[in-house]
Amino acid sequence: MQVLATFWAAAHADIMACQEILNLIRDADWMRFRRHAIRVSSIEFNEEAAESFPSAHGIAFLCLHHRFGTTFTPNVRRIQWTVSSKTGALLMMPFISERLEDLQLDLQTWARETEELFLSLVHRTLTLKTLSVKSWNPPSNIADSFCRWIQTCFELEKAHLPRDWHTLAIINAFGCLPKLVEFGLEWTDRTYDDVDVKLPILVKEKDFPGLRRLGWSSNISRAKEFLQLTTLRLQGLTFDCWEQSDERELTEFLATTVQCCPELDSLCLSLGPITEAVDPEGENIPLSWKIFRPLLECRTLVELRIHHPSSCILSISDLEDMGAAWPKITELYLCPDPDIYPKYRGTPISSLAHAAAAFPQLRALGLYIDHLGPPKSAGDLFPECQFRRLRELDVGTSRVPNDDPIPVGLYLASLFAVGTRPSIRTGPSIVRVNDISDEDDDAWADDWRTAQRLAHLTLQTKEAISEVALDELWRDLEDIYPLLKLLIPFDSFYDEYRQDKFEHEETLYFLRDADWPRFRQYAARVKSIAYHEIAVNVSPPSKEGIALICLYLPYGNCLTPNVRKWWTLSYSATITPMMPFMSQCLEELKLKISLEATETEDLFLGLTHRTPNLKRLFIESEASPGDISSSLSRWIWTCLSLEKAHIPRRWQTSTIVTAFGSLPNLLKFGIHWNHSPLESTSVGKDMEVVEGHFQNLQRLGWFSDIKGAANLQQTTCFVESIEPDEGLELLELPVEMFRPLLSCSRLRQLRIHYPGPCILSTSDVEDMGAAWPNMEELVLCPDPDGSDQGTPISWLPCVAIAFPRIRLLGLHFDHLNPPGSAGDLLSEI
């Protein structure tokens, strides 16, 4: 349409004769027009808002020159058209495609023009599914043309018409449509005096075969009669009951509604005056909720809207009863826009907290708020009960309590959960717009806008606080169950005899209805998990259970995508199901496990290719190295980012050392010290590091040949007892055994432990000092088993000279060699 802007601005009744316009049409870039037109899927047009548009003849001439058929937009699926002239109505025709599914017409045209439009639509909307029509034309003037068109809309599923268009002819036309599910009202801004709505509800037995939702204008008695006679299985009802009734009639009608519509999930009522709700002076008084109590028997209700000239005051017990009866209700409007509202009392604004507790699924709430009830203190921005899904709060014609929007805004902010930003709607609804004077419609709208603005600003503060608090709260988890409880009730884990609880149908039900976005919100914050099997007082989940959770997970196969640290202590075969909690971001893994060899192998094989970013690894296990070396090596070879590793000392085998030695980024490689004896004293004695391995190693916890480890900066060695000659005492540790370390010029820390002493000579000290100029921590067998021999304490000056940077020194001194004279207390040494 933008391409033809020049033509539209100039085109009118006689402009078509101008050669200039003809040239514009002939020279138009139709290919460019087509490229844009085929992308259009929705069109909205309002004649009053349009600056200019072509005449009917101009549109016809334009269609004549269009090179791609008579439809400008072949892929449009939705049209919303508001017109007040014949030209504007017919202008829609070239934009209707064969794929049109949604048509909304607001026709402010005369009967003849409206008829021409309907006749033009015959056989042009074969795929139409949703229709909405607003018009002030009497049905008698347009019924024939309208019915001719509707009878060609075989795919129509939803239709909303003006409330006075439910004539017998129109009802018959719609009743023949096989797929019609919803036939309702389209509210207009006309008064009841201008509309002939005194129509009986007439539905033939075979009409509306698939109808589930019905909207009608009637009175209470006729509506009740219809419900008693109909065979339709209605799930939604909208009744415009304009005539005066009494409480008994209304209560009986509601009881009949519940009885005749057992599947009812939506009920919308626009009620006229009720006899008992009028005082002696003829003024309306607030309604009592007891009138509507029959609706509490309708347990399937999801939407309830009631509009009345009076307000309805709800007590806390009323809210609790409704919440218990309607656990799934999402939209609740109870008389938010009564007439003559300055005289009315309403529901105290403090009751909103109880509404939040009663209706956890609520998305829209409409109430008439009492203008004299001040809100409670808003000191707690995170109360236990909050509206977690609310999108709209309709206060209708309510005044701001005490005419002070500041405490109201703060109070509402405390009830609005983080992540929501409900709008506050004011003024009468379209259902009752003609029953309220326009003089005071905006009397308190500014105050409510101020309250909404303050509530939203306070919500921003809540969100900022909440984000920081949630990050802190969920960053480090002591077990996995806080996460699992977001998906399945905690009781599911308490069953010591049935540990495969996840396999049961009940659990599958919970997983199907799980709030995955909420789970993701918390799971994404987890950075560290510590799973201590003994500390968890519940039955651990099975492999099948975790597999089911992963099956339903809509975010890949990792439950905690940002976890970087995992620590586990397990004494049974339950570590394997924890795999989905280990993300690709994992950087630190601590495993303290006492599993069977097969389970340990399964664990290592399961971790293969799952830890590409692992940097720190700590393993404590009693498993035999012969049983797990193959699977451990396969896993370690995929940990190319590993920088620090500690393994059990009994795992000092050639296969395992070779696997770790091949890692290019390994800086520290150590063993876990414990007091359990080794199965063989030869473990580690014959270890030789393959040349070229451990090229970047800086810290080593080992005793072996360290050739090629030129970058070594720190080492801790544990040497088992050297077998003595027969009949001899336990030998001291020969210095020659660790002389190969002298080639490590970068060594800064050396710790050697041995059951026997290590006796150093002055030449040994001098050699070590020359080899390790940066040595900071030196510990050489300070705790032998009951030996009196050691390094003479008088050699400490020599040590001080050799190691000028020493900060920690550990030696076993000979108790028979006393120190020399203290001499100079200010010696340079």
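Sequence positions, counted from 1, serve as the residue numbers for this chain.
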Taking the side chain as everything from C-beta on, heavy atoms only, tell me whether [X] gets closer than 4.5 Å to [Y].
{"X": "Glu777", "Y": "Arg807", "result": "yes"}
{"X": "Met768", "Y": "Leu742", "result": "yes"}
{"X": "Leu809", "Y": "Leu796", "result": "yes"}
{"X": "Phe669", "Y": "Leu663", "result": "no"}
{"X": "Val765", "Y": "Trp795", "result": "no"}
{"X": "His646", "Y": "Lys668", "result": "yes"}
{"X": "Ile636", "Y": "Leu617", "result": "yes"}
{"X": "Cys798", "Y": "Glu766", "result": "yes"}

Smallest separation among heavy atoms of [X] and [Y], with atom names:
{"X": "Thr560", "Y": "Met582", "result": "OG1-N, 4.5 Å"}
{"X": "Arg564", "Y": "Cys585", "result": "CG-O, 3.6 Å"}
{"X": "Arg518", "Y": "Leu486", "result": "NH1-CD2, 3.6 Å"}
{"X": "Ile656", "Y": "Trp651", "result": "CD1-O, 3.5 Å"}
{"X": "Ala523", "Y": "Pro561", "result": "O-CD, 4.1 Å"}
{"X": "Lys462", "Y": "Phe416", "result": "NZ-O, 2.8 Å"}

Test salt bridge (Lys or Arg N to Asp or Glu O under 4.0 Å) applied to Arg421 - qualifying residues, sequence neighbours left out: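 Scan of Arg421 (salt bridge (Lys or Arg N to Asp or Glu O under 4.0 Å), adjacent residues dropped) gives Glu463.
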How many angstroms lie between [atom1] in [X] and [atom2] in [Y], if you round to the nearest 0.5 Å?
{"X": "Leu591", "Y": "Trp567", "atom1": "CG", "atom2": "CH2", "value": "10.5 Å"}
{"X": "Asp814", "Y": "Ser794", "atom1": "CG", "atom2": "OG", "value": "9.5 Å"}
{"X": "Lys615", "Y": "Leu667", "atom1": "NZ", "atom2": "CG", "value": "10.5 Å"}
{"X": "Lys592", "Y": "Glu622", "atom1": "NZ", "atom2": "CD", "value": "10.0 Å"}
{"X": "Leu666", "Y": "Asn696", "atom1": "CG", "atom2": "CG", "value": "9.0 Å"}
{"X": "Ile759", "Y": "His812", "atom1": "CD1", "atom2": "NE2", "value": "8.5 Å"}

Evaluate the side-chain contact (heavy atoms from CB on, under 4.5 Å) criterion for residues Thr608 and Trp637: first the C-alpha distance (whole Å), next the side-chain angles of each, then the deciding distance (0.1 Å), finally the verdict. CA-CA 8 Å; Thr608 304; Trp637 283 329; over 6 Å; no
Decide side-chain contact (heavy atoms from CB on, under 4.5 Å) for Leu747 and Met775; before the verdict, give the C-alpha distance in whole Å, the side-chain angles of both, and the deciding distance to 0.1 Å. CA-CA 6 Å; Leu747 201 65; Met775 179 63 69; 3.9 Å; yes
Taking only residues two or more places apart in sequence, or in another chain, which ones meet Lys565 in a side chain to side chain contact (heavy atoms under 4.5 Å, CB included)?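 Side chain to side chain contact (heavy atoms under 4.5 Å, CB included) list for Lys565, sorted by chain: Ser528, Glu588.
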Look only at the side chain of [X] and the backbone of [Y], and say whether a donor-acceptor pair between them is shorter than 3.5 Å.
{"X": "Thr458", "Y": "Leu410", "answer": "no"}
{"X": "Arg616", "Y": "Lys590", "answer": "no"}
{"X": "Asn613", "Y": "Ser641", "answer": "no"}
{"X": "Asn562", "Y": "Ala524", "answer": "yes"}

Full working for side-chain contact (heavy atoms from CB on, under 4.5 Å) between Leu473 and Tyr522: CA-CA 10 Å; Leu473 179 64; Tyr522 296 113; over 6 Å; no
Check: residues 625-635 side-chain donor-acceptor pairs under 3.5 Å, at least two apart:
{"unit_1": "Ser629", "atom_1": "OG", "unit_2": "Pro625", "atom_2": "O", "d": "3.3"}
{"unit_1": "Ser631", "atom_1": "OG", "unit_2": "Ile628", "atom_2": "O", "d": "3.1"}
{"unit_1": "Ser633", "atom_1": "OG", "unit_2": "Ser629", "atom_2": "O", "d": "2.7"}
{"unit_1": "Trp635", "atom_1": "NE1", "unit_2": "Thr611", "atom_2": "OG1", "d": "3.0"}

Testing the 3.5 Å rule here: is there a donor-acceptor pair between the side chains of Asn774 and Arg805?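 A pair is found: one side chain offers a donor N or O, the other an acceptor, under 3.5 Å apart.
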Distance alone, cut at 3.5 Å: any donor-acceptor contact between the side chains of Ser761 and Ser763?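 Indeed, the side chains of Ser761 and Ser763 share at least one donor-acceptor pair under 3.5 Å.
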Ion pair Asp515/Arg389, N-O distance below 4.0 Å: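 Counted as a salt bridge, because a side-chain N and a carboxylate O are separated by less than 4.0 Å.
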Would Leu589 and Leu614 count as a side-chain contact (heavy atoms from CB on, under 4.5 Å) here? Give the steps. CA-CA 8 Å; Leu589 178 60; Leu614 189 66; 3.8 Å; yes
